[in-house]
Amino acid sequence: VQLQASGGGLVQAGGSLRLSCATSGPTASSRTMGWFRQAPGMEREFVASISYSRTSTNYADSVKGRFTISRDNAKDTVYLQMNSLKPEDTAVYYCAAHRLPSFWQKYMSKESFAYWGQGTLVTVSS
């Protein structure tokens, strides 16, 4: 499974960005996908996940109500719509695919995601 994240950039506080993650590989569309982020000097943290069937999602409390994860399996792409951005959202954002096809749990560790994209930088200015 190969992943390519894009869509990062510089935005003012209160603004919006949409990140995209292009996936490829024979089982990519059957895997739970997640977005994670890593701020300078911090651990990589969970942001959002979506099941392979698109019926289930989960969000970190810090982004709930502001971010929306979605996927278009026909286009092999996963999205993260980010609204009402805050300076504390500044980080490198990574998309990831779960190590097991056709698997979903609401709470999954980042270690259970085996495939990672290269990251895209989001900078939110105050």
Side-chain angles (χ1 to χ4, degrees):
V1 177
Q2 290 81 46
L3 308 174
Q4 179 79 32
S6 62
L10 174 63
V11 63
Q12 287 189 329
S16 298
L17 278 177
R18 188 176 79 158
L19 305 183
S20 298
C21 177
T23 70
S24 61
T27 62
S29 62
S30 66
R31 295 177 186 267
T32 286
M33 296 294 297
W35 285 97
F36 294 78
R37 66 187 182 186
Q38 188 166 18
M42 303 292 286
E43 293 283 323
R44 191 171 299 187
E45 64 176 5
F46 169 78
V47 174
S49 59
I50 185 167
S51 64
Y52 54 93
S53 61
R54 301 179 296 168
T55 56
S56 299
T57 58
N58 188 33
Y59 296 91
D61 288 343
S62 58
V63 308
K64 208 170 287 185
R66 300 188 297 122
F67 291 11
T68 302
I69 189 171
S70 62
R71 69 191 298 169
D72 185 338
N73 286 342
K75 295 184 178 179
D76 294 326
T77 304
V78 180
Y79 304 98
L80 185 68
Q81 177 67 42
M82 305 186 295
N83 299 330
S84 303
L85 282 160
K86 305 174 182 180
E88 51 264 44
D89 294 318
T90 294
V92 177
Y93 283 71
Y94 299 88
C95 60
H98 197 268
R99 63 184 178 87
L100 295 174
S102 306
F103 181 84
W104 164 260
Q105 270 185 344
K106 186 174 182 181
Y107 301 106
M108 293 178 284
S109 68
K110 62 179 180 286
E111 289 77 17
S112 66
F113 288 79
Y115 306 95
W116 293 83
Q118 85 290 1
T120 185
L121 176 63
V122 172
T123 304
V124 184
S125 63
S126 56

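Each residue takes its place number in the sequence, starting with 1. The structure presented is a predicted model; accordingly, all values stated were derived computationally and were not measured.
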Undergrad: Hey, could you give me the OG1/CD distance between Thr32 and Gln105, rounded to the nearest 0.5 Å?
TA: 9.5 Å

Undergrad: Any side-chain heavy atom of Val78 sitting closer than 4.5 Å to one from Cys95?
TA: no

Undergrad: Would you kindly confirm whether Trp35 and Val92 end up in one hydrophobic cluster when ILVMFWY residues are joined by side chain heavy atoms under 4.5 Å apart?
TA: no

Undergrad: Is there any side-chain hydrogen bond (donor to acceptor under 3.5 Å, both in side chains) pair reaching into residues 86-99, and which pairs are they, with sequence neighbours excluded?
TA: Arg37-Asp89, Arg37-Tyr93, Arg66-Asp89, His98-Ser112

Undergrad: Any side-chain hydrogen bond (donor to acceptor under 3.5 Å, both in side chains) involving residues 12-21? Give me the pairs, sequence neighbours left out, ordered by first then second residue.
TA: Ser16-Asn83

Undergrad: Rounded to the nearest 0.5 Å, what separation is found between the CD atom of Gln81 and the CD1 atom of Ile69?
TA: 12.5 Å

Undergrad: Backbone N or O of Lys75 within a donor-acceptor pair of the Thr77 side chain at under 3.5 Å?
TA: yes

Undergrad: Answer with yes or no whether the hydrophobic clustering places Val63 together with Leu80; edges join I, L, V, M, F, W, Y residues whose side-chain heavy atoms lie under 4.5 Å apart.
TA: yes

Undergrad: Quick one: do Met33 and Met108 end up in the same hydrophobic cluster if we chain Ile, Leu, Val, Met, Phe, Trp and Tyr together by side-chain heavy atoms under 4.5 Å apart?
TA: no

Undergrad: Strictly by side-chain hydrogen bond (donor to acceptor under 3.5 Å, both in side chains), give each pair with a member in residues 116-126 just once, sequence neighbours left out.
TA: none

Undergrad: Grab the two heavy atoms, one from Gly8 and one from Leu19, that are nearest each other, plus how far apart they are.
TA: N-CD2, 3.6 Å

Undergrad: Looking at every heavy atom in both Ala39 and Ala91, which two are closest together, and how far apart are they?
TA: N-CB, 3.8 Å

Undergrad: What distance separates Ile50 CD1 from Asn58 CG, expressed to the nearest 0.5 Å?
TA: 11.5 Å

Undergrad: If you measure from OH on Tyr107 to OG on Ser49, what distance do you get to the nearest 0.5 Å?
TA: 10.0 Å

Undergrad: Rounded to the nearest 0.5 Å, what's the gap from OG1 on Thr68 to CE on Met82? Could you check?
TA: 11.0 Å

Undergrad: Please enumerate all residues that pass side-chain hydrogen bond (donor to acceptor under 3.5 Å, both in side chains) together with Arg54, with sequence neighbours excluded.
TA: none

Undergrad: Sub-3.5 Å donor-acceptor pair from the side chain of Arg31 to the main-chain atoms of Ala96, do we have one?
TA: no

Undergrad: Quick one: does Ser29's side chain have a donor or acceptor within less than 3.5 Å of a partner on Asp76's backbone?
TA: no

Undergrad: Look up atom OH in Tyr115 and atom OG1 in Thr23, then write down how far apart they are to the nearest 0.5 Å.
TA: 12.5 Å

Undergrad: So if you build clusters from Ile, Leu, Val, Met, Phe, Trp, Tyr with side-chain heavy-atom gaps below 4.5 Å, do Phe113 and Tyr79 land together?
TA: no

Undergrad: Applying ring pair (Phe, Tyr, Trp, His ring centres under 6.0 Å) as the test, list every pair that has at least one member in residues 38-71; sequence neighbours left out.
TA: Phe36-Phe46

Undergrad: Apply side-chain hydrogen bond (donor to acceptor under 3.5 Å, both in side chains) to Lys64 and list each qualifying residue two or more places apart in sequence or on a separate chain.
TA: Asp61

